[in-house]
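Here the structure comes first, spelled out in structure tokens, and everything after it is commentary.
Protein chains get the first letters and strands the later ones, always in sequence-line order, with residue 1 at the start of each.
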Amino acid sequence: MDTKTNVPSNFIRDIIDEDLASGKHKAIVTRFPPEPNGYLHIGHAKSICLNFGLARDYNGTCHLRFDDTNPEKEETEYIESIMEDVRWLGFDWGEHLYYASDYFEQLYNLAVELIKQGKAYVCDLSPEEIRKYRGTLTEPGKESPYRNRSVAENLDLFERMRAGEFEEGSRVLRAKIDMASPNIVMRDPTLYRIRKVSHHRTGDKWCIYPMYDFTHCLSDAIENITHSICTLEFENNRALYEWILEQVYPEPHPRQIEFARLNLTYTMMSKRKLLQLVEQGIVNGWDDPRMPTLSGLRRRGYTPAAIRDFAERIGVAKANSTVDYAFLEHCLREDLNKTAPRAMGVLRPLKVVIENYPEGQVEYLEALNNPQDPEAGTRQIPFAREIYIEQEDFMIDPPKKFFRLAPGREVRLRFAYFITCTDVIRDDEGNIVELRATYDPETKGGSAPDGRKVKATLHWVAAEHSLPVEVRLYDHLFKVEDPSIGELEDILNPDSLEVLTESRVELNLKDAKPGDKFQFERQGYFCVDPDSTPDRLVFNRTAALRDTWSKVKGN
RNA sequence: UGGGGUGUCGCCAAGUCGGUAAGGCACAGGACUUUGACUCCUGCAUUCCCUGGUUCGAGUCCAGGCACCCCAGCCA
């Protein structure tokens, strides 16, 4: 355990501890550097929690920096959503909001400096030619015929690139490193390209844009980042990260550290494929509750606390791994169990008429708002002669292990009375449409004075005094654990969304607002969807409760 | 077949000087129960990718293998 928090230690914390102990740094500065080309997902949450969490725990600073160097893919819409999501997760960048595009002038000057040192040149090779010259994994590349242009010529050409004199794609600025390097990243990487498109922030001021490798290390350095944490696929780029800083930037330099990105079972994490789901209408937008985006999880009813807890508990390491989705759900339930008010909600109603209960009578019974939290208090719920119970809580011919309602059997209605099933009414097709029962007035509140026990407690709502609502049940979007392989049509789960239109919830929920979360007792956690209207609430099932019975009956 | 990484329970993941395998999830039993939920007990790697070696002793050191991931965008 770390001394400062209850967050388990990891190799990055070890590095920071050493840097602080050795006096290399007095304080740490990290950063979360999203490219504004899509919505944030649960994988980003791991990075956000890591970077902001480190800053918090070490009393340092964490910057939010938009890595906006590719105007063709980036949009302001994404910037807004990213900021909203980071805030929602519970983190605050304070004054430290930055854009790589704000450094364009500085970056340009540093590129000029590199040219002056003879370490960068303007190359006229076409993209195809550059690829050919690069060589392969096993063969060295060839040097570009433009590699040895004079500094003066390079300076002139680069300036004219900026001035817009050349065609898009006709020239690039390249670092002059080593075309024979075993690390392909070092084979004279492209530093600047010409793109005559306007940028969402700089407009038409620039027609040359710096590449990631050139921008990122220098942006880190400019912001005095101490630990630049990124994912494993950038490990090869670290050599270039360090090379650029060594050439043109004074010490101390930030240190790049790579960790394994998050993978989750049954979950697609690539932005490209998520975009595909949205564009093909397979889901209803980026915030579809089945999406792993933060906006989707938010709409589904996940809490920031649960996601933060999850991010901490999965750990940080360098081995590629895939976390079981059940672990995310576990963190969610752990949070909601403590915080979500309880309510009665019957998903698939079955009417029960209590024959010995007076017609027209309504009485109010006291119910605990949250048994896990004594402070939560109680509420009154209406009870009447006609109620609804869950269809699956009744079986005409119950197997041994089934101890809910059955003909002749007595069960408890939560916070209400014991009832005994006396009759079963069927329609013409033989479907069970209604139950008849009697109740024991002595068991009000749910316990019998004579001490007799019942095996089951059922949730219920009064038929008249309940609210008809829509409930949306979700399952994994994909039916395979690893959706990164296979074609969409083969791996999509056709039952990822089930809409229930006949559900009923207790009257107390009538003023619930989008985002409000409840535990429908014995069912799961539900949250009010923004699709709700004043006269019809829509609930999303965030997660079902653990269900031992479904395992017993083999489901 | 070049380079960079990683390999500890079904899934994550600790394991600082070599000293005799944490914890969580999942799973399986049991207790409790006005949520078959929660909670609480119990079980769950004689073994750390493999093979040798060093050592009184190795997941930890050495040597050699094997497997998997990343890199040939004017994407990030």
### Summary
The contact string for nucleotides 3-8 of chain B, one letter per nucleotide 5' to 3', using protein heavy atoms under 4.0 Å with B, S and - for base, sugar-phosphate only and none, comes out as BSSSS-
Name the pairs: protein N/O against N/O of nucleotides 74-76 of chain B, kept only if under 3.5 Å.
{"residue": "B:C74", "atom": "OP1", "partner": "A:R134", "partner atom": "NH2", "Å": "3.4"}
{"residue": "B:C74", "atom": "OP2", "partner": "A:R134", "partner atom": "NH1", "Å": "3.2"}
{"residue": "B:C74", "atom": "O2'", "partner": "A:R195", "partner atom": "NH2", "Å": "2.2"}
{"residue": "B:C74", "atom": "N3", "partner": "A:G169", "partner atom": "O", "Å": "3.0"}
{"residue": "B:C74", "atom": "N4", "partner": "A:L125", "partner atom": "O", "Å": "2.9"}
{"residue": "B:C74", "atom": "N4", "partner": "A:P127", "partner atom": "N", "Å": "3.2"}
{"residue": "B:C74", "atom": "N4", "partner": "A:G169", "partner atom": "O", "Å": "2.8"}
{"residue": "B:C75", "atom": "OP2", "partner": "A:R193", "partner atom": "NE", "Å": "3.0"}
{"residue": "B:C75", "atom": "OP2", "partner": "A:R193", "partner atom": "NH2", "Å": "3.0"}
{"residue": "B:C75", "atom": "O3'", "partner": "A:R193", "partner atom": "NH2", "Å": "3.2"}
{"residue": "B:C75", "atom": "O2'", "partner": "A:N70", "partner atom": "ND2", "Å": "2.9"}
{"residue": "B:A76", "atom": "OP1", "partner": "A:T69", "partner atom": "OG1", "Å": "2.6"}
{"residue": "B:A76", "atom": "OP1", "partner": "A:R193", "partner atom": "NH1", "Å": "3.4"}
{"residue": "B:A76", "atom": "OP1", "partner": "A:R193", "partner atom": "NH2", "Å": "3.0"}
{"residue": "B:A76", "atom": "OP2", "partner": "A:Y212", "partner atom": "N", "Å": "3.0"}
{"residue": "B:A76", "atom": "O3'", "partner": "A:D67", "partner atom": "OD2", "Å": "3.2"}

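- A:Y39 and A:H44 have their aromatic ring centers separated by at least 6.0 angstrom.
- Closest to the A:L545 side chain, of the nucleotides B:C12, B:G36, B:A37, is B:A37.
- Contact annotation for A:T136: base contact, defined as any heavy-atom pair under 4.0 Å involving a base atom.
- Between A:S447 and A:I184, the residue anchored closer to the 5' end of RNA chain B is A:S447, taking for each the nucleotide with the nearest heavy atom.
- Regarding A:Y525, its OH atom lies at a distance of 8 Å from the C1' atom of B:C38, rounded to whole Å.
- One interatomic measurement links the two molecules: CG of A:L332 to P of B:A37, which rounds to 18 Å at whole-angstrom precision.
- Residue A:F402 is classed as a base contact, given a heavy-atom separation below 4.0 Å to a base.
- Note: CD (A:E521) to P (B:U33) measures 17 Å, nearest angstrom.
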### Message
Between A:R313 and A:H330, is the side-chain contact (heavy atoms from CB on, under 4.5 Å) condition met? List the steps.
### Response
CA-CA 11 Å; A:R313 291 167 70 175; A:H330 169 79; 3.5 Å; yes
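- Nucleic acid contact class of A:R313 (heavy atoms, under 4.0 Å, all strands): sugar-phosphate only.
- Across all strands, A:R414 comes closer than 4.0 Å to base atoms (heavy-atom distances).
- Taking atom CZ on A:R412 and atom P on B:U33, their separation rounds to 11 Å, with Å as the unit.
- Here B:G52 sits opposite B:C62 as a Watson-Crick or G-U wobble pair (both hydrogen-bonding atom distances under 3.5 Å).
- A 3.5 Å limit on both hydrogen-bonding distances identifies B:C71 as the Watson-Crick or G-U partner of B:G2.
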### Task
In sequence, state the C-alpha distance, the side-chain angles, and the governing distance for A:F310 and A:L264, and then conclude on side-chain contact (heavy atoms from CB on, under 4.5 Å).
CA-CA 12 Å; A:F310 171 74; A:L264 258 189; 4.0 Å; yes
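- A:F383 has its ring centre no less than 6.0 Å from the ring centre of A:F415.
- Checked against the 6.0 Å centroid threshold, A:F520 and A:F539 count as a close aromatic pair.
- The interatomic distance linking A:Q519 (CD) with B:C38 (P) rounds to 10 Å, in whole Å.
- Contact annotation: A:R546 side-chain N/O to B:C38 OP1/OP2 distance is under 4.0 Å.
- In this structure, A:Y108 has its ring center under 6.0 Å from that of A:F158.
- The partner of B:C40 is B:G30, by the rule that a Watson-Crick or G-U pair needs both atom distances under 3.5 Å.
- Between B:C25 and A:H330, a contact under 4.0 Å exists linking OP1 or OP2 to a side-chain N or O.
- Residue contacts shown for A:R342 include a base, since a base heavy atom lies under 4.0 Å away.
- Rounded to whole Å, the distance from CD on A:E258 to C1' on B:C69 is 14 Å.
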Between the protein and nucleotides 14-17 of chain B, which nitrogen or oxygen pairs come in under 3.5 angstrom?
{"residue": "B:A14", "atom": "OP1", "partner": "A:V316", "partner atom": "O", "Å": "3.4"}

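- Within 6.0 Å of NZ in A:K273 there are more than 12 heavy atoms belonging to other residues, nucleotides or ligands.
- With ring centers used as reference points, A:Y525 lies 6.0 Å or more from A:F518.
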### Message
Let's go through A:Y266 and A:V480 carefully: what are the C-alpha distance in whole Å and the side-chain angles of both, what is the deciding distance for side-chain contact (heavy atoms from CB on, under 4.5 Å) to 0.1 Å, and is it a yes or a no?
### Response
CA-CA 6 Å; A:Y266 301 103; A:V480 294; 5.8 Å; no
